Each structure stands twice: as C-alpha cells, then as structure tokens.
Colleague: 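There's a structure below that I have some questions on.
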Amino acid sequence: MIFTSYQFAGFFVIVYGFYLLLNHRGQNLLLLIASYVFYGAWDYRFLALILLSTCVDYFCGLHIDSSNNATKKRAFLLLSIGTNLSILGFFKYFDFFATGLTELFSFLGINLSYEPLSIVLPVGISFYTFQTMSYSIDVYRGDLKPTRRFFDYALFVAFFPQLVAGPIERARHLLPQLTTPRTLGREQFYEGSYLIFWGIFQKVFVADNLAGLVDPVFHADADPTGGEVLIALYAFAFQIYCDFAGYSNIARGLAKVMGIELSVNFNLPYFATNPEDFWRRWHITLSNWIRDYVFLPAYIGLRNLGRSGMLISIFVTYTLIGLWHGAAITFVAWGVYHAVAFSAYQLAKPYTSAFFASRGERFRRLSWPINVFLYFHVTVLSLLIFRSTSLDQALLLSQRMVSDFHLSMIDVVTIKRLLFFTGLITVVQFFQCRYNDLMFILRQPAAIRALFYVVCFYSLIFYGHSDGKAFIYFQF
Amino acid sequence: MARHSFTFSSSILPAGALLSAAIILVAELVLFPKSYLVADKSTLSLTRTAALLDRGPDPDLAIIGASRSLAIDAKLLQDELAQFNSVYNYSVPSLGTTLQFAMTLEKLLDNHRRPKALLISLSPEIFGDPNFDALLSLEPERQRLRRVFSLRELFEYMPSEEKLLIAPTYLQNILNSLNYRVLIKGYLDYVFFGVDPFDVGDPISRNKALIDHMKATNGQMLYWAGREVADDDVPVYQIVPFGCTVCPEVDGFYLSRHAYIYHVLGLANEKEIPVIVFMMPIHEKRFMVMQKYGNFKYIAAAMQAFEREFPNVLFLEQNLKFDKRFFGDLSHLNAKGARIFNKHFLAAVKRLFEQGYGYKQLSDEGLFFDIGSPVEGKVYLQGFDVKEHKGATWRWNQGSRSTFIFPWLRSKEPRRYRVTIDVQPYVAQQNREMELASPVESVCVLLTPGRRKYSVDLLFPAGEDLTLSAQYAAAVSPFDLGRGQQKRELAVAWFGIGLHYASPP
C-alpha cells in the first residue's frame, strides 16, 4: 500500500475518520491496528518480525531500567541489539557476506560452494530495527524512562506513516506524543495537509517522471554517451531526493494531521556547502542516529589516537551508512566516497576556516553559491556509484563522462524535460533556503498559494503515474 | 469523544486552498470539457458519439459499431433511404469490444425514440479471441467508458460481473482533466518539448476540420483519409477460432462466447427492432490469414446461430475482401475505400429495405399480443397520449379513435392479415359497432356484451409499418364528456390483438 496509491487514500480516509471520533486510548489502539494492517498489506508474514522486535525491546527496556546490576543491564542491552541485528543481518546481509566469504576463500584457493538463499527483504526493516535499538540504548544510557504501556510501545515501533521508510524516530521524541493525549490545531492541520500535498508532488511529479530519464542510462544493456550519463546523474540527484524527501514529507504530514510531530528528515540538502553541512541536511534522522550511536562512541573511544582515531571513526561511520542502504559493494563504495570527502573536509577545515575568516562576511556570502555548486557536484558524482548496479558499471560510466562527452550529443528534449520536472521544486527550494523556512509557501499571499496549488495539482494530474511507483527507499 | 481542540489561527487561512479549489472548479467546468480539441481521432469521435447519444436527434436508423464502421457515411444513407428520415452513426472506437455496443444501444434506447432499424457492425476479431472484451484494466479503455457514459449509466448498463469495476473506473476519471489527461499531456509535450507523441501536428485545427466533417456526414470519421497502407505492413495478429476448423453445430457454443453481442441482439429483439448485422471490409492480407484459420466458417456458423435465436436479425453477406489500396492502415478504410464501400453498402441495404426486409415475418401460428391486465377492468389512456406495449405503439389521438402501430411488422407486398381482437365493451349492455381499419380498407365489427374475440380480414399496404385503427362506436372524447382532465376510459377494454396471414405468403 503505497502512499501515492488510491488504496492508501481510501485506507487513510477511513482510519482518519475513526481517529477523529475516538479518545486518546482508542486512537492509539486504532493506529496500532491500522499500522499492522498497513504493514501486513505488503506481506503479513513479516509482521512476526515486527512483533518479535517489539516484544524483545519492550521487555529489555523494562529490565534494563529496573535492574541495578550493570552486568545485567548490559546483558539485556546486548539481547536487544543482538536480536535486532540478527533480524537485520539475516534478512538483509546474509547472502552478501556469505557470497563475499565464498569469493574470499576462492581467492585464497579454497573452493567453497554457496548458493545464495535469495532471502526476501522485509520492507522497512532497516528503519524499525534502528528505531527500536535506539530505544534500548537510550534506556541503557539513562536518557529515557521506558514505557510500561506495551501497546504504546508497539505503536512507537509500528506507527504506519514512518514504518517503512522513516523518519527514524527516537523514542524520547515520539513516545511521549503517543503516551499523552494529543491536541490538533488548525494550523497544524493545514501544515500537515500541505506536507502531504507537497510530498506527493515531489514523489509523483518529480521523482517518478525523472525515473524515465535515469533508468535507461543505468540499464545493464545501455550504451550511453558521456552527456547522457551526466544528464541522467542530475536527474537521479533530483529523483532520489524527491523520492525520499517526498515520502518523508507525506509521512510527516500524515502524522501532523493526527497531532503527532515527526522529525524533519531533509532540509534542502543540495544547498549544502560542505560534507558536514550536507549530512546535517540529508536523511537527518539516520545521520543523527549514526552520529549518536556509532560515530561519537567510536570517536571518543579512539580519541587517544588523535587524528587517526577521527579518520577511523569517519570511515567506519560512512561505511556503515553505505551498508545500511543495501547489501551491495556499490553502497559500501558510496559510503567510502563520502568518508573520503568528509575526512578531506575535516583535515582542511582549519585552513579553510581561517581563509574565510580573513576575508570577511561579504566574501563568505559571495562564495556561498560557488560552494553550493561545487558540493552539489560532489554529491552528484557520489550518486553515480550509488545508482550503478556494479562498480564496473560505475567505472564505465565515469569513463564515458570523461572520454565521450560532447555538448552537441546531448538531446535537447532530454534537457528540456529535466528542467521541466525540476524547475518548480528548484525555485521553491531556493526561496525556502533564502528565507530559511521550509513552510515558505504557507507564508505567501493567498493568490500565490492558490497559483502554486493549481500548478502542482495539474502537474500531478497530467504527469502523474496512475500505477503508483514504489518509493526507492522501501528497498533499504 | 475526541480530545482534540481545534484552535483558530489567523496566521494561516485556507484562503489559498479555497481559491485554488475555485480555480480548479472553473477549469474543470469551462476549460477541460473542450479538451477533445486536443484529442486523438478516436477520442474525438467518442466525444461526438456521447453528445449525439445525450442530446442528438432521434434516429430512424442507427449504426452501432467500432472504429472501422466510423467510415460509414450515415448522411448518404439518410439521403438515399426514403424510409428513414434520420440516420446517425453511433460507432464507438472501442478496440472492437462489444461491451460498448450493448451499452450504446441501452443509452440510445433510454434517451431517444426507438429507431426503426439498427445496423450493427461486428469486428471479425471478436470471433477469434475469447478474452477480447476483457480490456477494462487499461486506462484508455476506462477513459473511453467515462467519456461516453455517466456514472448512473455505467451502473445501469454494465453487466453485473463488471459492475465492481465501475466505481474505480469512474473515480479515476471523474474530473474532465483526468478523463483527458493522456491527451492533454500529449499536447503539453507537443507545446513544451516539441515532442509529438500522437504524430498529429497541431491537433486543434485538425480536430475542428474533423468535427465539421462528422457533422456533415452524421458521424463519418476516417482515420487515414489520404493514406494507403504500406506494402510491408503485415497483420500483427492471428485469429484462432478456439481451435476448431470444423465448427460444431451447437448454438450455445457460439452464444455463450459472445455475451455482449447476445445482449445487443436480444435487447433489439425484445424491443422489436429489426437488425442488420454486417462486417466492414477486411484488408486482403488479413482476409487471407482469417481464411487460413477458418474464421469465416466460424463467423458464418455464429451468425446462423444468432439468426436462429433472434428472428429480427439478418446477417448481411457482402464481399469482405478489399484491396489494400483502399486501406489507410490494416483495419481502417481510407477515403477512397470508404467511398467504394459506402456505395456498395448503400445499395445492399437499400435493396433489403425495399424488399421489405427487416421485419419479423409472421409464422404459421401468427402472433398474439397480450395487452395486459386492465386496471380495475379498464384500460386508461392519459389524454391524447402515445403508449408502447411490447413493440406496438398505440395512440389515442383522434377523439374516439385508437391507433395501433406495429413498426416491426412490414410486408414486402400488400398482404391480407387476419386481425383478431380480444375486447370487452363497457359502455352499454347492448350491441355496438366498432370499425377496424387499415390504411387502405375498413371493416365493421358488431360488439356484444362481455369479453369476446372477433376476427376480421384486412388488407395492409406494402413497405409500411402495420397500422390498425379502431373507431369506437360509443366513445366520445374526454372534453365532450365534460371532464376537467383529459382522462377517460376507452369504450372497450383491450385484452389483446392477434395477427395472422389471411392466406399463405
């Protein structure tokens, strides 16, 4: 049941209608049932995994909190993390590592035979396992009191707007909103509705249409020119962003109209000027999760190694981020690419900071668009690895961009299409960035808002795909 | 109760949303209904057929078919067939599916006076592919339905097994912009990107010319008027008649596989409308493929089965094999082909109607019309009204005279019929005379008290709907009776009318 499908629209209308009629406890029970129905619509068998993860973390949380024995606390934490990582590891990474080991042994002259199990990946597994692990860790650290209400906790794990593709919520942010009665203001309702509408526009108009420019170039049998690769990369940059940010916006909007605030997951990432800035804007909830539970512990643990410790922490962190996206060497390479960029930035930071400081505010303002332009292209190049089906393809397409690039060979219609599908979102994001306000449109006069809504509405009507394409991040 | 408190905030008002809703509403009601001007030819003719069915004049002769029969020049038939004052082509480009034939006929009968006759064009494909009608999962097909039929009509006309598809079909195309989205997108592609997905150039000026042509010909639309099909075009499909080369002589075998045709012909039969079934010419290459697979045997057997099942149906046998020069593509005639076909088709149809075809010939047993159960023993007519009963029209339009018209019954030559009436006089317990008349002669019948049958022989003219008049002896018009309303009982209660040939044909 995809957010942009007619089935989901019908599902949500029914759920929301009952939601408005019920009291707080009834609402939570309704949301829990609806969440399981929503998830079960994909594959009801995997509900067992969610229930397993929910039960284990709920009881581990209670025992971690109630126990005075540090060893016992740690044992329950390890049980919680072990369970979630086992689920994740088996369903997502088993084939990847088993195949990798087989190849390694083969390289060493030991022939092992392994037939991949072709395990079906449960949708959203990376999101809810990370969410539940953060709960146990926070309870262990003493940052959070565990909830005793099982159904509230189960809803925290399975809340359908963010169940299958995030945002990855922290318990300390979402759980209190579930355990206490909610109020819904009119302003909140409008903002939620706007987020849903804008999210659908990002997904259906921008991302789904750009797929038509991207997929042929990255097809296994494709033989694109360098210019075609470049255009496809630009298109993919917008596609992946609008696909994921669109989903996040719809998720936030759905939650918002029910009086629940989810975390912002994207904050104009293509206006980032450096790697640090980019990861504060791109998939923010994952970045924060990795920062808090991987990078900082690793960095603190390795601080005695000085700069080397920092670099090791960065590489471990970004490799994990890459691996989180999928069990493929391309994702690992993509993570390493960002680790290199981040490390280079960290190493150069003292010098660049001094350079900018010596030239004053005006220079900084003038250099902003250049930095944005440059870092946007750093990101776009990373997406070549991300989107390629293999490192060989990534290498081949990179070579094409260098050796087979002629402006005259770029199809004008393709460029027009790229500009057509990205024009409005670029303009809107520019103003969002300029006024530092993601709700910029809602602050405009009624006539401008109306024009904006009408343009978006008819863009969706005429260029929307009625078959409802799946969101890219579901596979992660 | 809910624990929500809705708080008013003046910082964000829904004015933008309301204003955009108003703009969208105006666009949907004013701008997008004109979207057929950017449509492809099929959609254009669909829109026109829908308008004809909704608001067009009543047809004496109606043509129902798929895209190929759009080549028929209905205006030519109207000019040349003296029996029919109005002839319209209601063909619906529908990939040949017969579901829409049935729905079109239902709508035609709902919105218009019953036509005197129907010409139904069947595509040969429907006799080869048992799944040919299962096309509703396609978006263009759903949009076709939406363009021609309203929600009520869809629910009413769709076969029960398809009714579940109606709501999603309709909702997905409920707005005019949604209904034409594929075409408008094509036009926007043409405007913005210079891409012409439908290969039509500027559709607006082309469509205006096509609309004028359709108006002038009562519905003719040629897909490729000036083109000849390319030599290297080959039939892209092969029709296999359910694996039978020697077709079994079992009616049910054919009828069960053509539910929608069965429905169309059955409906026409129920309404006593004579039907001529025909096929449009077939490209010579396709003809050869069909011949190879024995399709014509199958079609002939199917048609015979339909003719046996429905006495109002006649299959018009024509030369179906046409030279490739007469086709714009593998299916559709070009202007030259249409001209030749229309000439031959007109001649064949004219001959049939001049011979008096199309009307149910009486069997040896004749026919008896059970007029029904008079309310409280009396039949009432509202004023000077016209009523229909089982295909007969009866009028109370000349004071004390009733006229019965049987439009489906027409003789090739002047015929003498034995007319039997089953009546009971009301007015007095004494004998009364009633005059029964055809257009050419009349006979008096002496009615006696009580319900009885009376038979008389009457001569009826050739080539006209059988019309019988009854002049009541004791009846006067409602106004003469001094009543404030134009309602009165007839002088007799009618129970039935029987018709037989007075002598063997």
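Below, each value reflects all heavy atoms present in this structure, side chains not excepted, and no hydrogens, waters or symmetry copies. Note that the coordinates shown come from a computational prediction; the quantities given were computed from them, not determined experimentally.
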Colleague: A:Asp437 and A:Gln432: side-chain donor and acceptor closer than 3.5 Å?
Modeller: no

Colleague: For B:Leu188, is it the side chain, the backbone, both or neither that has a heavy atom under 4.5 Å from a heavy atom of chain A?
Modeller: both

Colleague: Classify the side-chain pair A:Tyr463/A:Asp208 by whether it contains a donor and acceptor separated by less than 3.5 Å.
Modeller: no

Colleague: Should the pair B:Lys41 and B:Trp224 be classed as cation-pi, given the thresholds of under 6.0 Å to the six-membered ring centre and 45° from the axis?
Modeller: yes

Colleague: Check the side chains of A:Glu261 and A:His173 for a donor-acceptor pair under 3.5 angstrom, ignoring hydrogens and angles.
Modeller: no

Colleague: What part of B:Ile23 lies closer than 4.5 angstrom to a heavy atom of chain A: side chain, backbone, both or neither?
Modeller: side chain

Colleague: Given a strict heavy-atom distance threshold of 4.5 Å, which part of A:Tyr194 is in contact with chain B: side chain, backbone, both, or neither?
Modeller: neither

